[in-house]
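Since this is a predicted model, take the numbers as computed values, not measurements. Numbers for residues simply follow the sequence, beginning at 1.
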Amino acid sequence: MKKLAWIAAAGAMALAACSTKNESIAPGVADVAAAMENLSEITTSRLGKSLRFIPLETTDSSLVGSEWTMRLADGKVIIANAPKVSYGNDDADVLVFDINTGKFLNKIGRYGNGPEDFRFAHPSLDRAGKYSYFSAGNSKGWVKYTLDGKFCGKVCPELTAHSHKIVEIDDSTLLVANDEKREGRRSIKFKRFNFEGNPVDSFSVFDGQPAAPYNLNFEGSLQIHSCTGGLPKTSQSVTILKNNGRQVVITGGSYYHVGNEFHIHETLCDTVYSVTPQGAVPSLTFNLGENGFPFNQVNIREIRDSEIIVTEVLETPSYALFGLIKGDPTDKESTEYIGFFDRATGTTTVTTLDDGIRDDLRGFMPFSPVSTLPDGSIVGVISMDEIGKWIDDNPDAEMPEELADLDPEANPVLVVISTE
């Protein structure tokens, strides 16, 4: 039986929530190879000055599932009860919480094929953080909602939503990206449309660079691997398909703003680029040394046991956190690492995911980052199961006051590290 892979990865389909203050970012080089020769701890005090625990309110209407993705906007947390890699058949709730109190506020939309329904539960957010956009239930255009759940109509009603990755939305247009590969060459095409679906402008980057053919036609059983490195709770992952001895990496990437720059980190690439209509220039390069997997070998050969890839990136104007995997990402024997790059000093630190980011601000369990806020703060999430296991392993640890009376079945807890 022939199968055509049609999936959506949350990090690739939506603008990542890394928007920050209007600052220019100086290019930098993270010396990962040297840092991995001398692993050192990463602490929460390097990410900010204070740390707060904010339990998300638990009600029958606000239960967060075992698989979820998260967006941050306008003082709110938007959680979709859907996995990072979706097939468009997730009957998932989209929940909104207050980021300062954890109070449950409302749901947004619903799964279905009606005129107000969505097909994929992963929202794209406008730059102002006021509206959410979902692939429409009939896959034509996107349905628009306020963050308090009010339906505002449909935009670009004739565009096929699953064929266009939204990477930026303003008050009257949306920018989409398409990763095109033809005759061994590649290009990323950016097209801007008004909300009626009329083209406004376009540009492209990486034109003519070599790229392997991209064949998503499969026969028989298909294995789908969603692989994460040192930052497993972000919306980013590396999706690898395996079928009859053939392996295909789903290319794409994360698109986000840092300061006044628009950045892209492509799947398995060792460089973050700053993108404008004039082109793409390196903003942050990860020096992986002789063990770095060559980006020009994506979908030509598989990743070797000794090779390193960058899997996730979270940026602020002050620093970058990034995830790494050494070895084949689909192999249980591979090792995950967390990296930290300080823009001011140019120093790079790498630690293992098992050691995590030590909480030296409150003295509690390791911090697991998910996304950033416009002021440069960073937000993580811990589940009640994780808290319980850590307390069992650290019986002398003091439970933070905010968590002392939580039910073991309660929703996850936000961990917010602020710059002030």
Applying salt bridge (charged side-chain N to carboxylate O under 4.0 Å, His left out) to Lys191 and not counting sequence neighbours gives none
Beyond-backbone contact of Val413 with Val381, side-chain heavy atoms, under 4.5 angstrom: no
Residue set satisfying salt bridge (charged side-chain N to carboxylate O under 4.0 Å, His left out) with Asp170, at least two apart, ordered chain then number -> Arg192
If only atom types and distance count, is the side chain of Thr101 paired as donor or acceptor with the main-chain N or O of Lys103 below 3.5 Å? yes
How far apart are the C-alpha atoms of Arg343 and Glu315, what are their side-chain angles, what is the distance that settles it, and do they pass the salt bridge (charged side-chain N to carboxylate O under 4.0 Å, His left out) test?
CA-CA 10 Å; Arg343 296 188 192 277; Glu315 291 192 80; 2.4 Å; yes
Would you check if Leu324 and Val350 make a side-chain contact, meaning some heavy-atom pair closer than 4.5 Å?
-> yes
Here the gap from Ser371 atom OG to Leu414 atom CG, rounded to the nearest 0.5 Å, amounts to 11.0 Å
Heavy-atom closest pair (Leu231 atom, Glu312 atom, distance to 0.1 Å) is N-OE1, 3.1 Å
>> For a quick check under 3.5 Å, do Asp375 and Ser377 share a side-chain donor-acceptor pair by atom type?
In response: yes
*For Asn100 and Ile54, run side-chain contact (heavy atoms from CB on, under 4.5 Å): C-alpha distance rounded to whole Å, both residues' side-chain angles, the deciding distance at 0.1 Å, then the answer.*
CA-CA 7 Å; Asn100 295 307; Ile54 305 170; 5.6 Å; no
Leu174/Asp126 under side-chain contact (heavy atoms from CB on, under 4.5 Å): CA gap, chis, key distance, verdict = CA-CA 9 Å; Leu174 56 82; Asp126 70 324; over 6 Å; no
Of Phe206, Phe262, Tyr255, Tyr256, the one forming a ring-ring contact (aromatic ring centres under 6.0 Å, His included) with Tyr273 is Phe206
Here the ring-ring contact (aromatic ring centres under 6.0 Å, His included) pairs for residues 168-193, sequence neighbours left out, are Phe190-Phe203
Subject >> Backbone of Ala92 reached by a side-chain donor or acceptor of Asn81 within 3.5 Å >> reply: no
### Query
Do the ring centers of Tyr145 and Tyr133 come within less than 6.0 Å of each other?
no
By side-chain contact (heavy atoms from CB on, under 4.5 Å), Thr58 pairs with (sequence neighbours left out) Leu63, Ala410, Asn411
Exercise. Using atom types as modelled and distance alone, determine if a side-chain donor or acceptor of Asn138 lies under 3.5 Å from a backbone N or O of Lys140.
Key: yes
Original post:
What's the verdict on salt bridge (charged side-chain N to carboxylate O under 4.0 Å, His left out) for Glu333 and Lys326, showing C-alpha distance, side-chain angles and the deciding distance?
Top reply: CA-CA 9 Å; Glu333 299 302 315; Lys326 183 176 183 180; over 6 Å; no
Fill in: Residues Thr330 and Asp328: side-chain donor-acceptor under 3.5 angstrom
yes
With distance as the sole criterion, is a donor-acceptor pair present between the side chains of Asp360 and Ser45 under 3.5 Å?
yes
Sorted by chain and number, sequence neighbours left out, ring pair (Phe, Tyr, Trp, His ring centres under 6.0 Å) with His265 holds for none
The complete set of ring-ring contact (aromatic ring centres under 6.0 Å, His included) pairs with one or both residues in residues 369-392, sequence neighbours excluded, reads Phe364-Trp390
How about Phe293: does its CZ atom have over 12 heavy atoms from other parts shown lying under 6.0 Å from it?
-> yes
Taking side chain as C-beta onward, heavy atoms only, is Ser62 less than 4.5 Å from Leu56?
no
Quick note, ring-ring contact (aromatic ring centres under 6.0 Å, His included) partners involving residues 305-361, not counting sequence neighbours, are Phe286-Phe322, Tyr319-Phe340
By salt bridge (charged side-chain N to carboxylate O under 4.0 Å, His left out), Glu336 pairs with (sequence neighbours left out) none
Asn243 side chain to Glu219 backbone, donor-acceptor under 3.5 Å: yes
Exercise. Between Thr352 and Asp355, do the side chains contain an N or O donor and an N or O acceptor separated by less than 3.5 Å?
Worked result: yes
- request: Check whether the side chains of Ser237 and Ser226 place a donor and an acceptor atom closer than 3.5 Å, and report yes or no.
  value: yes
So the side chain to side chain donor-acceptor pair (under 3.5 Å) pairs with at least one residue in residues 393-404 (sequence neighbours excluded) are Arg362-Glu402
(Q) For Lys233, is there an ion pair with Glu386 - N to carboxylate O distance below 4.0 angstrom? (A) yes
Are any non-hydrogen side-chain atoms of Thr372 and Val379 less than 4.5 angstrom apart? no
Review point. Are Ile240 and Gln247 side-chain neighbours, meaning at least one heavy-atom pair lies under 4.5 Å?
Key: yes
Of all heavy-atom pairs linking Ala320 and Leu284, the shortest is CB-CD2, 3.6 Å
ask   = Would you call Arg185 and Pro210 a side-chain contact if the rule is heavy atoms closer than 4.5 Å?
value = yes
For residues 201-210, the side chain to side chain donor-acceptor pair (under 3.5 Å) pairs (sequence neighbours left out) are Arg186-Gln209, Ser187-Asp207, Ser204-Asp207
- Message: Using side-chain heavy atoms (C-beta onward) and a distance below 4.5 Å, is Ser283 in contact with His263?
- Response: yes
Given side chains that start at C-beta, do those of Leu216 and Val248 come closer than 4.5 Å, heavy atoms only?
yes
Salt bridge (charged side-chain N to carboxylate O under 4.0 Å, His left out) filter on Lys389, not counting sequence neighbours, yields none
Tell me if a side-chain donor or acceptor on Asp98 pairs with a main-chain N or O of Phe104 at a distance below 3.5 Å.
no
Here the side chain to side chain donor-acceptor pair (under 3.5 Å) pairs for residues 286-299, sequence neighbours left out, are Asp31-Asn287
When rounded to the nearest 0.5 Å, the distance separating OG1 of Thr267 from CD1 of Ile250 is 9.0 Å
